[in-house]
Amino acid sequence: MSIVIRREQPGDSEAISSILESAFEGSVESQLVNQLRVNQATELSWVAELNGEVVAQILYTPSQIHSPSGSGEETQCLNGLGLAPLSVLPKYQNQGIGSLLMEETLKELENNEHDFIIVLGHPNFYKKFGFTPAVEYNVRCEFEGIPAEAIEEAFLILWKKVPALKLEEGLARYREEFYES
Ligand SMILES: CC(C)(COP(=O)(O)OP(=O)(O)OC[C@H]1O[C@@H](n2cnc3c(N)ncnc32)[C@H](O)[C@@H]1OP(=O)(O)O)[C@@H](O)C(=O)NCCC(=O)NCCS
């Protein structure tokens with residue numbers, strides 16, 4: 001099995017849409033990624049190619065954590081990345097491809113300037129890569145229609161700057177496209 005991890009290139013978008021539609025069983029995620037691509041927010045997109053076929057994709061987009069600074073009305077803003085979506089074609093799942101995409105892209109992002117990476121996902125999968133529940137750092141995120149408790153369990157953070165920041169209160173925001181679908 002020959003797997004290559006590489007940046008998304010022009011010409012990959014159809015394959016990526018198919019992966020997203022089959023992995024998430026619908027078109028919400030593929031429409032979101034297409035919109036982000038139109039808005040030129042897919043700079044940090046990688047794919048996994050298996051024997052020349054694009055079978056998985058991962059995307060990171062800019063995100064922020066807003067936190068009251070403690071002095072009046074000013075808020076502190078930390079800049080990071082939101083990991084979403086990550087998907088592998090169903091017939092190739094559970095063969096290590098998602099993990100490989102995680103490992104390789106985290107390595108590529110090791111020296112970038114971001115304070116954190118956030119993800120809303122399966123805790124057991126992401127904790128292998130150093131993600132921990134964001135609630136431990138008083139960071140939360142909100143999505144209309146999803147109960148806060150459900151988000152809390154699945155909302156994870158990886159601090160890029162050590163030591164990790166324990167905020168009094170932080171609200172994470174993905175790019176606006178994530179709130180439009
Ligand atoms: C989740 C996903 C990206 C993982 O990629 P993958 O290549 O299948 O995963 P790997 O083979 O690298 O790793 C397998 C591990 O992921 C875990 N895993 C896979 N799917 C999972 C799920 N839906 N919930 C929890 N854990 C899951 C497996 O239990 C396995 O754990 P183990 O190594 O402890 O046995 C992939 O299964 C997928 O595309 N799923 C559908 C879309 C999705 O849910 N994306 C993630 C959104 S957060």
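Both ligands and their constituent atoms are indexed starting at 1 by order of listing.
Among all heavy-atom pairs drawn from Phe24 and Ser87, the shortest one is CE1-CB, 3.6 Å. Contact between Gly82 and Tyr174 at its shortest, heavy atoms only, is CA-CE2, 3.7 Å.
Glu169 has a carboxylate O that lies under 4.0 Å from a charged side-chain N of Arg140, or vice versa, which qualifies the two as a salt bridge.
Residue Phe178 holds its CZ atom at 10.0 Å from CD of Glu29, rounded to the nearest 0.5 Å.
Protein neighbours of ligand 1 below 4.0 Å, counting non-hydrogen atoms: Ala23, Phe24, Leu86, Ser87, Val88, Gln93, Asn94, Gln95, Gly96, Ile97, Gly98, Ser99, Leu120, Gly121, His122, Phe125, Tyr126, Lys128.
Side-chain atoms of Gln93 come within 3.5 Å of backbone atoms of Val88 as a donor-acceptor pair (strictly under, hydrogens ignored).
Screening Arg7, Gln57, Arg37, Gln9 against Ser45 for a side-chain hydrogen bond (donor to acceptor under 3.5 Å, both in side chains) leaves a single residue, Gln57.
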